[in-house]
Amino acid sequence: MPAVLRFDVITLFPELFAPHLEVGVTRRAYAGGGLQLKLWLLRDFAEGNYRRVDDRPFGGGPGMVMMAPPLERALAAVRTARALEEGDAPPVPLIHFSPTGRVLDQALVRELAAGPGAVLLCGRYEGIDQRFIDRHVDLELSLGDFVLSGGELPALVLLDAVARLQPGVLQDAASHQQDSFEDGLLDCPHYSRPEQLPRADGGVDVVPEVLLSGHHGRIARWRRERSLELTARRRPDLITAARAAGRLSREDEKFLRTLDLDLPPAP
Ligand code: 9D3
């Protein structure tokens with residue numbers, strides 16, 4: 001029996017997760033049982049008639065802060081449930097989604113997809129009491145430099161990226177290998193039928209001739225060059241990283257020199 005990958009999500013908005021469980025490749029990952037998602041409603045761990053989970057910030061200022069005590073109780077419940085089901089397995093990391101976190105990338109997605117899972121804490125309001133973070137959080141993750149209304153969408157992004165890496169979830173295993181970032185370069189353009197696509201002005205847009213040629217070697221080289229060119233133009237930082245990782249051949253370097261771009265010189 002393959003190990004189960006399990007994510008426990010602490011959230012105020014569990015409804016946001018349902019669509020992800022119901023459609024597409026992600027549904028297959030959950031239906032197959034290889035990926036488990038358990039939602040914990042923070043509200044269930046709040047006290048009093050109002051079930052408060054937030055309060056005003058000490059020191060003043062705008063917005064509200066998520067209080068530590070309900071979070072402490074929710075996390076204790078998650079840890080207890082996991083211990084009951086997994087015995088003496090080491091505890092999984094607690095990941096907090098926060099705009100001040102490290103930016104999620106495919107290397108971390110691959111690491112998490114390899115198991116055994118994590119506890120995902122979705123914040124709302126201005127943030128959560130720092131004492132809870134200092135006590136319990138192993139990793140803070142951001143999606144990048146833009147402002148969202150909470151951590152649920154970032155958690156869904158992580159779950160989606162992990163789900164599609166589960167065995168049997170993608171149509172064919174080769175599509176992992178061709179993913180942007182799996183080889184450190186941006187993906188090449190894709191074309192499908194019809195071969196001739198009529199334009200409003202009476203003209204027609206065609207498919208690059210090489211793709212219809214049947215020459216697998218020439219097709220592979222064309223795709224590699226389109227990837228290299230797109231990456232060099234849009235994400236020169238990725239060219240630098242691919243070089244440092246030894247992923248660019250002498251032929252790749254020769255092609256890059258023909259582009260007349262201001263890339264840093266190859267070592
Ligand atoms: C005024 C300071 N704001 C920070 C930019 C406060 C604030 C805004 C929005 C604090 C938290 C949030 C909610 N955002 C997240 O929970 C979040 C997030 C994001 O907003 N952008 C990118 N990644 C992430 S991960 C979690």
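One-based numbering, in listed order, for ligands and for the atoms of each. Residue indices begin at 1 and follow the sequence shown.
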## Note on the structure
Atoms of ligand 1 under 4.0 Å from any heavy atom of G144, numbered from 1 in the order shown, are 21 (N), 22 (C)
### Query
Taking 4.0 angstrom as the limit, do R224 and E251 come out as a salt bridge?
no
### Task
Indicate yes or no: does an N/O atom of L143 lie under 3.5 Å from an N/O atom of ligand 1?
yes
### Message
For D8, is there an ion pair with K38 - N to carboxylate O distance below 4.0 angstrom?
### Response
no
### Pair H20 and Y30, ring centroids less than 6.0 Å apart
yes
### Query
Where does S142 meet ligand 1, judged by heavy-atom distances below 4.0 Å: at the side chain, the backbone, both, or neither?
both
## Note on the structure
Counting from 1 in the order shown, the ligand 1 atoms closer than 4.0 Å to a non-hydrogen atom of L141 are 25 (S)
### Query
Do V162 and L5 come close enough that some side-chain heavy atom pair is under 4.5 Å?
yes
### Query
In terms of heavy-atom contacts, does CG of D260 have more than 12 from other residues, nucleotides or ligands at under 6.0 Å?
no
### Message
Looking only at protein heavy atoms, which one is nearest to atom 17 (C) of ligand 1, and what is the separation?
### Response
P99 CD, 3.7 Å
### Query
In the protein, what heavy atom is nearest to atom 2 (C) of ligand 1, and what distance, to one decimal place, separates them?
E126 OE1, 4.0 Å
### Summary
Closest heavy-atom approach to atom 12 (C) of ligand 1 among T100, L148, L153 is made by L148
### Message
Quick test: of every protein heavy atom, which one is nearest to atom 8 (C) of ligand 1, and how far off is it to 0.1 Å?
### Response
V147 CG1, 3.6 Å
### Query
Starting from atom 16 (O) of ligand 1, which protein heavy atom do you reach first, and at what distance in Å?
G150 C, 3.2 Å
### Query
Between R218 and E209, is there a salt bridge with N-O shorter than 4.0 Å?
yes
## Note on the structure
If you compare G61, S98, G151, A155 by their heavy atoms, the one closest to atom 25 (S) of ligand 1 turns out to be S98
### Identity and separation of the nearest protein heavy atom to atom 21 (N) of ligand 1
F146 O, 2.7 Å
#### Entry: Residues R221, D252: salt bridge by 4.0 Å N-O rule
yes
### Query
Quick one: do R233 and E229 make a salt bridge, cutoff under 4.0 Å?
yes
